[in-house]
2 protein chains.
Amino acid sequence: MEPAPAPQAPARLNTTPSWLLGQAATHAHRLVAEALGTVGVRGYHYRLLAALAEIGPTSQADLGRSCGIDRSDVVAALNDLADRGLVERSPDPGDRRRNVITLTVAGRRDLRRMEDALDRAQDTLLAPLSRADRDQLIRLLSTLVAER
Amino acid sequence: MEPAPAPQAPARLNTTPSWLLGQAATHAHRLVAEALGTVGVRGYHYRLLAALAEIGPTSQADLGRSCGIDRSDVVAALNDLADRGLVERSPDPGDRRRNVITLTVAGRRDLRRMEDALDRAQDTLLAPLSRADRDQLIRLLSTLVAER
DNA sequence: CCTGATACGTTGGCGTGGCCAACGTTGGTA
DNA sequence: TACCAACGTTGGCCACGCCAACGTATCAGG
């Protein structure tokens, strides 16, 4: 009657970088989802709002490109955001194929709330690491991502 | 006519640890999926085979627990593996609620092929990092995961 | 012995994130 | 004018993770 026979994954995995990366990312994702959940929003929504705040009113296509979300997924997420009044869709007078997406005041307000919650999530995530270790981690991950 | 207006995500994200973690994990997952794909298998399948090779014949429940896969997902993945003859399901004579899962010879062979492919994927993933940096990364990620 | 809690395998479903194909519309260009 | 490209939109697929429910089987307590 072993108390806890197998705590986690096969030993092979626990030293495999891609596995550790996945586990850490899952953990981080959980914290982030929880944080965004307090504002009633998902990852796509936040990303779009953040991009919008950064680059100003844009077409859906540019918006999607600027944050790595597929055109079709942008549509759905923007529907949610527009329904909640965080964003406004208006036809581009200069190019009738496009919609111009604008961040509303409410959108800017909620974005702030999201970022506050996210900052707290980052702190929770990085809590077990020293300041120097955090910088190291960011450096290493950036290197990996750059090589993508 | 800017050549490439926005290369990637909102600036806010590119320094956010959880975002970098996710990006790196996605990249790693892509490499891993590609590697496992050469053996015609997905993540769940590999994990189960690896766990099975490590702890020997076990019930589905224990198997799932040992590699963090939900019971219901274990069923489906084992169906695939059994259909391909990589694994054998037999009723446990000592406890008729259980199935004993056994790794077949073919299963052990394919597992080897998966691990070879995975080793290559890890090398590709870590290519941009020095030996010391790789160790650092593993250490930092392990710390994060341990705090989960 | 019986009863109730618990574990098992299984089915079916939901949500997130990522991707692709196709369509009709509009723009730009040869 | 014809053609191709980009746009927004619909609809679909996959991987992974998680949960609820069911019928069966086991086991511990009364």
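The sequence lines fix the lettering, A, B, ..., with proteins before strands; numbering per chain opens at 1.
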- Message: Less than 4.0 angstrom between a side-chain N/O of Arg30(A) and OP1 or OP2 of dC18(D), yes or no?
- Response: yes
- Message: What contact category does Asp73(B) fall into here, base, sugar-phosphate, or nothing, at under 4.0 angstrom with non-hydrogen atoms?
- Response: base
- Check whether any side-chain nitrogen or oxygen of His29(B) sits under 4.0 Å from OP1 or OP2 of dC16(D), and answer yes or no. yes
- Within the pair Arg97(A) and dT25(C), is there a side-chain N or O less than 4.0 Å away from OP1 or OP2? no
- Message: Any base atoms under 4.0 Å from Asp70(B), or only sugar-phosphate, or nothing? Heavy atoms, all strands.
- Response: base
- Task: Indicate, with a heavy-atom threshold strictly under 4.0 Å, whether Arg71(B) touches base, sugar-phosphate, or nothing.
- Result: base
- Query: Of Ser59(A) and Thr26(A), whose nearest nucleotide on DNA chain D comes first from the 5' end?
  - Reply: Ser59(A)
- Query: Considering only side-chain heavy atoms of Tyr44(A), which listed nucleotide, dC16(D), dG17(C), dA20(D), is closest?
  - Reply: dG17(C)
- Query: Is any side-chain nitrogen or oxygen of Asn79(B) closer than 4.0 Å to OP1 or OP2 of dG9(C)?
  - Reply: no
- Task: Establish, with yes or no, whether the OP1 or OP2 oxygen of dT9(D) is under 4.0 angstrom from a side-chain nitrogen or oxygen of Gln60(A).
- Result: yes
- Item | OP1 or OP2 of dG8(D) under 4.0 Å from side-chain N/O of Arg65(A) | no
- Query: Do Thr16(B) and Gln122(A) get their side chains close enough for a donor-acceptor pair, meaning under 3.5 Å?
  - Reply: no
- Query: Ion pair present between Asp62(A) and Arg65(A), side-chain N to carboxylate O less than 4.0 angstrom?
  - Reply: yes
- Message: Does this structure show an ion pair linking Asp116(A) with Arg112(A), if we count only N-O contacts that are shorter than 4.0 Å?
- Response: no
- Gap between atom OG of Ser59(B) and atom CZ of Arg89(B) - 0.5 Å precision: 12.0 Å
